[in-house]
Engineer: 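Mind looking over this structure? Questions follow.
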Amino acid sequence: MAEERSLNFLEEIIEQHLKEGRYSQIITRFPPEPNGYLHIGHATSIYINFSLTQKYPGYTNLRFDDTNPETEETEYVESIKEDVRWLGFEWKYERYASDYFETLFEYALKLIDKGLAYVDDSTSEEIAAMKGTPTQPGVNSPYRDRSIEENRDLFLRMRNGEFPDGSKTLRAKIDMAHPNMIMRDPVLYRIKHVPHHRTGNKWCIYPLYDMAHGQCDSIERVTHSICTMEFVPHRELYDWLIEKLEIYPSKQYEFARRNLSYTVTSKRKLLQLVNEKHVSGWDDPRMPTISGMRRRGYTPESIRDFCARIGVGKRENLADMSLLEFCVREHLNKIALRRMVVTDPLKVVITNYDKEEEMVLSENNPEDPSSGMREVPFSSELYIEREDFMENPPKKFFRLAPGKMVRLKSAYIICCDEVIKDSRGNIIELRCHYIPESKSGSDTSGIHVKGTLHWVSCKHAVPVMIRWYDRLFVVENPAEEDDFIKYLNPESLKVIYPAYAEPSLKNATLNDKFQFLRKGYFVLDKESESDKLIFNLTVELKDKWDMIQKKQSDKH
RNA sequence: UGACCCAUGGUGUAACGGUAGCACUACAGAUUUUGGUUCUGUCUGUCUAGGUUCGAAUCCUAGUGGGUCAACCA
């Protein structure tokens, strides 16, 4: 049975175009400026552009919008490519706006020849002053009526480097009283004697966004140029330039940028987090960057699933971090290897266990029988989680308590007989006895217990470091606060060392995804060394007991 | 005091003039050798006012609310 999934507004437009025969294939592009690292907001844009051409005939280009040499670097180009690939998308052509500088220059000449562009000697302040305001029309520049010949001569000399930065610009001649301020003789070219990361010192004039983006789309025969809502006012200029230049009519469509709760995505704010060392870097596992999420242990599949689930629309939005976390858990549940790690150890001595040790078998992933089993060493001295024992347990506490029984996962049922305390009254050890016939897989004891605990054999335990991450901010929408830094979560990182891991974890690699039983999903961090493994918390497991506890304490 | 864009549960998105649906969240229950997973159920919504129509979330008008635009950034 074919499931009818409703189309988003972009898919509707495209299906209509395909049906009408307006296009036989569609071409989209992902057009980052190489001036920073990609984040979850870019991921949605990448997903939209690429998934459209996976669904419909056509392809997607990766185009670097590198028209401002002051901010752009090759380093960013490389990281952007790595991130797009990691997300699982393949572009057809890798292109750069700078590939088209010569063509763009000719386009500018064509505008001049048609009397549609002029060289302006005004300063940026003067241009701003003459622009008017949203409610008042602007006034014409005194240079607006230069002859075509003079404009041509001046523009050529701009390119030849005869004028200093800021002394002249090329402007479109449209209408200084236009209700759309973008259309009030927008600047098309500016002088910048700045080397470009790809063209070096070849150029000293560079096109602005409006003189480059739509033209590049057109050159690449992009059919659907998809961008965010803040470019809506630019569409009129986009169309105007294409029409006057008489080039291939690419069309622009806008969607509302997707925002994520409990984080920020503006480059300025992200940079501030890095510079002020609130995080360790651009790939800090708490960052919403692609590299941060990768290091956190998020999978490309889960990020793509998230993008698909939040969909695309035209209204302001703030998507729930819980949905992203849901997508991550859902994928990891299927693929993560189950392991046992005790983060806050309490020693348990099994008084009637007379063997030296034995290996018990435990599933690598109960969701995936093909993942097989592993051996876990069991012995008379074990660590369990301190919070899994209570001397005076409340109702609904299914874990260990004096005289109570629990199962040790994949091993035996034990019963707590005695609580050992130090001189200050702290619990330091539990004495228990085990039920020999209760061994997992061959249980003939007939005993049913409500709780199952994870555990690690003391003498086999591997001490590891755990970086327990939480949300970076304590408010849903930090971006709208006056000082977003004030709302950083002071507990966004807790370091736990040592935590005791079962021995198989010694062989962990950077690509492995783990579920530490009853704790959460974890991934090995790149800063690990062979004798000091570091695991990052990707996301916690859901914890109903946690909720019950909270509710009980709320009542009192 | 201009132009443009937008308005559906707590969140995100459907319904294309004809039963307001799905997912997440929250809550309740069943199952469970992970208080995980899985399964079942429950709560909550069309910004307001007019109009067109047999019938409006949908079309029209006005209002309200939110956003964008006055970079030689993209």
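Each chain gets a letter, A, B and so on, in the order its sequence line appears, and its residues count up from 1.
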Engineer: C1' atom, G36(B) versus U19(B): distance in rounded Å?
Structural biologist: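 The same atom, C1', in both gives a distance of 38 Å.
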Engineer: For C59(B), give its Watson-Crick or G-U wobble partner with both distances under 3.5 Å, or none.
Structural biologist: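 G51(B) - that is the nucleotide pairing with C59(B), both distances being under 3.5 Å.
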Engineer: Can you check the D546(A) CG to U34(B) P distance for me, whole Å?
Structural biologist: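 About 19 Å, once rounded to whole Å.
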Engineer: Is L517(A) touching bases, backbone alone, or none of the nucleic acid, heavy atoms closer than 4.0 Å?
Structural biologist: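 Base contact.
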Engineer: Closest approach to the side chain of K409(A), judged atom by atom: which nucleotide of A74(B), U33(B), G10(B) is it?
Structural biologist: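 Nearest to the side-chain atoms of K409(A), counting from C-beta on, is U33(B).
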Engineer: When you measure from the side chain of L323(A), which nucleotide among G12(B), C24(B), C6(B) comes out closest?
Structural biologist: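 Comparing G12(B), C24(B), C6(B) against the side chain of L323(A), the answer is C24(B).
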Engineer: Determine: side-chain N/O of K192(A) to OP1/OP2 of C73(B), distance under 4.0 Å, yes or no.
Structural biologist: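 So the side-chain polar atoms of K192(A) do come within 4.0 Å of the phosphate oxygens OP1 or OP2 of C73(B), strictly under.
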Engineer: Can you tell me the distance, in whole Å, between the CZ atom of R257(A) and the P atom of C6(B)?
Structural biologist: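 Distance check: R257(A) CZ to C6(B) P gives 17 Å.
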Engineer: Considering only the P atoms, how many Å lie between G51(B) and G2(B), rounded to the nearest integer?
Structural biologist: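 Result for the P pair: 27 Å, nearest Å.
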Engineer: Going by 5.5 Å between centroids and 30° between planes, is there a stack of Y209(A) over A74(B)?
Structural biologist: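 Check failed, Y209(A) does not stack on base of A74(B).
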Engineer: Using whole Å, report how far CG of N8(A) lies from P of A14(B).
Structural biologist: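 About 7 Å, once rounded to whole Å.
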Engineer: Answer yes or no: side-chain N or O of R399(A) and base N or O of G35(B) forming a donor-acceptor pair under 3.5 Å.
Structural biologist: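 Checked by distance alone, the answer is yes.
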Engineer: Side-chain donor or acceptor of R407(A) under 3.5 Å from a matching atom on the base of U33(B)?
Structural biologist: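 Indeed, a donor on one side and an acceptor on the other fall under 3.5 Å apart.
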Engineer: Aromatic rings F105(A) and F155(A): how do their planes relate, parallel, tilted or perpendicular, breaks at 30° and 60°?
Structural biologist: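 Ring orientation of F105(A) relative to F155(A): parallel.
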Engineer: Measure centre to centre between the rings of Y206(A) and F101(A), then say whether the value is under 6.0 Å.
Structural biologist: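 They qualify: ring centres under 6.0 Å apart.
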Engineer: Considering only U34(B), A70(B), U37(B), which nucleotide approaches the side chain of K542(A) most closely?
Structural biologist: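 So the side chain of K542(A) is nearest to U37(B).
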Engineer: Considering just the side-chain nitrogens and oxygens of K450(A), establish if one lies under 4.0 Å of OP1 or OP2 belonging to U33(B).
Structural biologist: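 For K450(A), the contact criterion (side-chain N or O under 4.0 Å from OP1 or OP2 of U33(B)) is not met.
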Engineer: Select base, sugar-phosphate, or nothing to describe what Q515(A) touches, counting heavy atoms under 4.0 Å on all strands.
Structural biologist: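 Base: the residue Q515(A), judged by heavy atoms under 4.0 Å, touches a nucleobase.
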Engineer: Do H213(A) and F231(A) have ring centres separated by under 6.0 Å?
Structural biologist: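 Here the rings of F231(A) and H213(A) have centres that are no less than 6.0 Å from each other.
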Engineer: Starting the side chain at C-beta, find the nucleotide from C72(B), U37(B), U1(B) nearest to T169(A).
Structural biologist: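 Closest nucleotide among those given: C72(B).
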Engineer: Considering only side-chain heavy atoms of I548(A), which listed nucleotide, C72(B), G36(B), G35(B), is closest?
Structural biologist: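 So the nucleotide nearest the side chain must be G35(B).
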Engineer: Which nucleotide in the set C5(B), U34(B), U1(B) lies at the smallest distance from any side-chain heavy atom of V232(A)?
Structural biologist: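 So the side chain of V232(A) is nearest to C5(B).
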Engineer: Q136(A) CD to A3(B) P: how many Å, rounded?
Structural biologist: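 It is 15 Å, rounded to the nearest whole Å.
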Engineer: Can you check the L318(A) CG to C6(B) C1' distance for me, whole Å?
Structural biologist: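 Going from L318(A) (CG) to C6(B) (C1'), I get 16 Å.
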Engineer: Taking the C1' atom of each, how far is U44(B) from G10(B), in whole Å?
Structural biologist: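 Taking atom C1' in both U44(B) and G10(B), they lie 8 Å apart.
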Engineer: Answer with base, sugar-phosphate or nothing: what part of the nucleic acid does N180(A) contact at a heavy-atom distance below 4.0 Å?
Structural biologist: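 The residue N180(A) makes no contact with any strand.
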Engineer: Classify the nucleic acid contact of H213(A) as base, sugar-phosphate or nothing, counting any heavy atom under 4.0 Å across all strands shown.
Structural biologist: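 Nothing, no heavy atom under 4.0 Å.
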Engineer: Please report the C-alpha distance between H454(A) and F516(A) in whole Å, then the side-chain angles of each, then the deciding distance to 0.1 Å, and finally whether the ring-ring contact (aromatic ring centres under 6.0 Å, His included) criterion is met.
Structural biologist: CA-CA 9 Å; H454(A) 62 282; F516(A) 294 174; 9.4 Å; no
Engineer: With heavy atoms under 4.0 Å as the rule, sort T123(A) into base, sugar-phosphate or nothing.
Structural biologist: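 Touches a base.
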Engineer: May I ask which nucleotide in the shown strands pairs with G41(B), Watson-Crick or G-U wobble, both distances under 3.5 Å?
Structural biologist: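 G41(B) is paired, partner C27(B).
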Engineer: How is E367(A) classified with respect to the nucleic acid when contacts are heavy atoms under 4.0 Å: base, sugar-phosphate, or nothing?
Structural biologist: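 Answer is base: heavy atoms of E367(A) come under 4.0 Å of a base.
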Engineer: As a test of reading the structure: which of A70(B), G36(B), A74(B) is closest to the side chain of F231(A), going by heavy atoms?
Structural biologist: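 It is A74(B).
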Engineer: Write down the partner of C4(B) under the Watson-Crick or G-U wobble criteria, each distance required to be under 3.5 Å.
Structural biologist: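 Its partner is G67(B) (Watson-Crick or G-U wobble, both distances under 3.5 Å).
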Engineer: For G35(B), which nucleotide in any strand shown is its Watson-Crick or wobble partner with both distances under 3.5 Å?
Structural biologist: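 Its partner: none found.
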Engineer: Walk me through whether E254(A) and R235(A) qualify under salt bridge (Lys or Arg N to Asp or Glu O under 4.0 Å).
Structural biologist: CA-CA 9 Å; E254(A) 310 87 8; R235(A) 189 175 60 227; 2.7 Å; yes
Engineer: Quick one: is R309(A) getting a side-chain N or O under 4.0 Å of the U11(B) phosphate, OP1 or OP2?
Structural biologist: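 Answer is no, no contact under 4.0 Å.
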Engineer: Please determine, for the side chain of F397(A), which listed nucleotide (A74(B), A70(B), G35(B)) has the closest atom?
Structural biologist: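 The closest nucleotide is G35(B).
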Engineer: Of the nucleotides C72(B), C24(B), U68(B), which one has an atom closest to the side chain of P233(A)?
Structural biologist: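 Given the options C72(B), C24(B), U68(B), the side chain of P233(A) is closest to U68(B).
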Engineer: What is the base-pairing partner of A20(B), counting Watson-Crick and G-U wobble geometry with both distances under 3.5 Å?
Structural biologist: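 Looking at the geometry, A20(B) pairs with no nucleotide.
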Engineer: What I want to check is whether an N or O donor and acceptor connect the side chain of R338(A) with the base of U34(B) at under 3.5 Å.
Structural biologist: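 By the distance-only test, yes, there is a pair.
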Engineer: Counting just side-chain N and O atoms, does T452(A) come under 4.0 Å of either OP1 or OP2 of G35(B)?
Structural biologist: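 For G35(B), OP1/OP2 do not have a side-chain N/O of T452(A) under 4.0 Å.
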Engineer: Tell me if the centroids of the rings in F398(A) and W545(A) come within less than 6.0 Å of each other.
Structural biologist: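 Between W545(A) and F398(A), which both carry aromatic rings, the centre distance is not below 6.0 Å.
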Engineer: Could you tell me how far apart E316(A) (CD) and G65(B) (P) are, to the nearest whole angstrom?
Structural biologist: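 After rounding, the gap between these two atoms is 16 Å.
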Engineer: Do the ring centers of F522(A) and F535(A) come within less than 6.0 Å of each other?
Structural biologist: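 No, the ring of F522(A) stays outside the 6.0 Å limit from the ring of F535(A), centre to centre.
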Engineer: Applying the side-chain contact (heavy atoms from CB on, under 4.5 Å) test to E385(A), which of L453(A), D344(A), V341(A) qualifies?
Structural biologist: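 Only one option passes, and that is D344(A).
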Engineer: Of the candidate nucleotides U34(B), C72(B), A74(B), which contains the atom at the shortest distance from the side chain of I127(A)?
Structural biologist: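 The nucleotide sitting nearest to the side chain is C72(B).
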